[in-house]
Amino acid sequence: MGDVKGFLKHTRAKKQYAAPTERVEHFEEFVLPWPKEEYKDQAARCMDCGIPFCHQGCPLGNKIPDFNDAVYQGDWKGAFDILKSTNNFPEFTGRICPAPCEASCVLGLNNQAVNIEHIEREIIETAFDEGWEKPHPVVPKTNKKVAVIGSGPAGLAVADELIKKGHEVVVYERDAQLGGLLRYGIPDFKLAKSVVERRVDLMKASGVVFKTGIHVGTDITGGTLAAEYDSVVLCTGSTIPRDMQIEGRDLKGVEFAMPFLSHQNQKNGKEIDVIQPRFNAEGKHVVVIGGGDTGADCVGTSNRQKAASVLQIELLDKPATARSTENPWPEWPMVLNTSSSHEEGVDREWSMLTKRFIGEAGQLKAIEMVEIEWIDKGQFKFKEREGSSKILPCDLALLAIGFSHTDPSGLVEEMKLALDSRGNLQTTNFKTSHPKFYAAGDSRRGQSLVVWAIAEGRKAAKVVHDQLMAEAVSITVVADL
Ligand SMILES: Cc1cc2nc3c(=O)[nH]c(=O)nc-3n(C[C@H](O)[C@H](O)[C@H](O)COP(=O)(O)OP(=O)(O)OC[C@H]3O[C@@H](n4cnc5c(N)ncnc54)[C@H](O)[C@@H]3O)c2cc1C
Ligand code: SF4
């Protein structure tokens, strides 16, 4: 819990960033570390609150007061051991987690929450610097084979947990490089790909085998995997994007956010030499449709590509700057979020409906929007505000309105895996409708967060391990009879 009176002595420190004008010139990370002493002061703000709601706030159940106390005591190795006991990849969450733990921090009731995420990042980076983070020790082999499909955070967490138990683990990934959305979705300026590679290298050294460029369901069938492996875990993500079927949708220049973002990441990673003109914002008037985090990533990327202008629009009303009485602590605060990408330059408009895309010779040239008034948000009912329609120049419209569900074709179709009412893989305790197949992460849960994907991967791995060991025991008992 740090210093008992720490929260009275220290205020919450702001994260330090390189200046916006400087950081938009490159795609590197730009968060600057604090001096080591500042982390100690920030950890000291964690109070003796009795019931640490942050435990529930964090999907991994990170033992936050314990690692804060260790940091306050200067025991960074102890803090690392505590953090790693619940989180396989703190270097990811310490950079890009929206920190639901901080939203539920008890200090946040009448003060500013403890800086949990930033402390987490420093703990794991210290561990890497000091050489404490090593491949897992070799354990006796179980002679059980598990295939993991997908190398996003869920698949990586499943593999990392199962290799520790002595199983043979092979991860199949259809993309050329590993990491799922960590690599191809989340921009490099939020998460450097060297951080993903550092973790993958450790996992390889622990014995995990990665096979890239293999699309399960196309290059290898689910039936083959079912025959070769004792268990198969699907961590295939929620990949079907939400679309908008309005006039002009088929014009060149109306693009989904994901290919736009992944092209830039591929260019940074030297997988491609040039970004295709349709995914290049340089000199263009960009309108990002969707006010969420993916939209913010499009804003940051457009600015780095030197767009002529960037506008982000959102259908919902502008959120308030502070919690309302209907949204009390420790709920996730539905308040205005100004991200580092917004600070780099963007116009933002809320309560705005896209009416149509306007083009010339098949190319997007303008966008028509209209202001709306919400009648019933629960029923998704709104009306257009009379006389508020406007047409703005637009050469690139990026659809960042989320993902609806996992891909129902290919492997899912072949293995006849049941889907739930939202189109995600239907599971009971992470088991799908096929006895050998399990699922974790966005493919099961729907579009979510990296911290949830890791948490799901850990839980699914435990279910798989328990099942494999139960089968091993029953085979031994039968053999003994
Ligand atoms: C642009 C963007 C930015 C985001 N930013 C954040 C953020 O800042 N913080 C945060 O917490 N969350 C963020 N998220 C959400 C987060 O990235 C996801 O919730 C998380 O990555 C889900 O992990 P996953 O392992 O379930 O799936 P994914 O990361 O989607 O990985 C699925 C993997 O499965 C592979 N795959 C699929 N089908 C097959 C197949 N048949 N054969 C072989 N391989 C297959 C895919 O190629 C992919 O690599 C963001 C999402 C997007 C789109
Ligand atoms: S993983 Fe996310 S929610 Fe959990 S302690 Fe870290 S920042 Fe908080």
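By convention here, the first residue in the shown sequence is residue 1.
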Lys NZ or Arg CZ of Arg95 over Phe189 ring: under 6.0 Å, within 45°: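 No, Arg95 and Phe189 do not form such a contact.
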
Are Lys36 and Trp76 in a cation-pi setup, meaning NZ or CZ lies under 6.0 angstrom from the ring centre and within 45 degrees of the ring axis? yes

Test: [X] and [Y] ion pair at under 4.0 Å:
X      : Y      : value
Glu271 : Lys193 : no
Asp243 : Arg249 : yes
Lys436 : Glu471 : no

Residues forming a side chain to side chain donor-acceptor pair (under 3.5 Å) with [X], sequence neighbours excluded:
X      : result
Lys211 : none
Arg422 : none
Tyr438 : none

Only counting residues at least two apart or in another chain, list the ones meeting ring pair (Phe, Tyr, Trp, His ring centres under 6.0 Å) with Trp34. Tyr39, His118

Got a sec, which residues hit side chain to side chain contact (heavy atoms under 4.5 Å, CB included) with [X], two or more places apart in sequence or on another chain?
X      : answer
Asn62  : Cys58, Leu60, Ile64, Phe67, Leu83, Thr86, Asn87, Glu120
Lys141 : Asn143
Ala400 : Ala257, Val288, Thr294
Leu419 : Thr406, Pro408, Val412, Leu425

Suppose we screen for salt bridge (Lys or Arg N to Asp or Glu O under 4.0 Å). Which residues come up paired with [X], at least two apart in sequence or across chains?
X      : value
Arg458 : Glu161
Arg199 : Glu91, Glu133
Lys431 : none
Glu25  : Lys306

Quick one: does Glu122's side chain get under 4.5 Å of Asn115's, heavy atoms only?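 No, too far: nothing below the 4.5 Å cut-off.
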
From [X] atom [atom1] to [Y] atom [atom2], the distance as rounded to the nearest 0.5 Å:
X      : Y      : atom1 : atom2 : value
Ile123 : Lys84  : CD1   : NZ    : 12.5 Å
Ile119 : Glu38  : CD1   : CD    : 9.5 Å
Ser231 : Lys144 : OG    : NZ    : 8.0 Å
Thr93  : Ile124 : OG1   : CD1   : 8.5 Å
Leu315 : Ile401 : CG    : CD1   : 9.5 Å
Leu261 : Thr301 : CG    : OG1   : 5.0 Å

Fit a plane to each ring of Tyr172 and Tyr229, take the angle between them on a 0 to 90° scale, and name the class: parallel (under 30°), tilted (30 to 60°) or perpendicular (over 60°).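 Answer is perpendicular, since the angle exceeds 60°.
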
Taking the six-membered ring for Trp, are Phe437 and His434 parallel (under 30°), tilted (30 to 60°) or perpendicular (over 60°)? perpendicular

Stepwise salt bridge (charged side-chain N to carboxylate O under 4.0 Å, His left out) check, Glu102 with Arg12: CA-CA 12 Å; Glu102 294 184 16; Arg12 180 179 160 108; 3.1 Å; yes

Which is it for Glu130 and Lys77 under the salt bridge (charged side-chain N to carboxylate O under 4.0 Å, His left out) test, yes or no, and what are the steps along the way? CA-CA 9 Å; Glu130 296 292 333; Lys77 174 70 169 68; over 6 Å; no

Mind listing the closest non-hydrogen atom pair of Pro98 and Trp332 along with its distance?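 For Pro98 versus Trp332, the nearest heavy atoms are O-CH2, 3.3 Å.
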
Can you name the one residue among Glu343, Glu28, Glu29 that meets salt bridge (charged side-chain N to carboxylate O under 4.0 Å, His left out) with Arg23? Glu343

Just by modelled atom types, is the Gln177 backbone N or O under 3.5 Å from a matching donor or acceptor in the Tyr184 side chain?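 At least one qualifying donor-acceptor pair exists.
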
Please tell me whether His136 and Asp160 have a donor and an acceptor in their side chains that are separated by less than 3.5 angstrom.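 Result is yes, a qualifying pair exists.
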
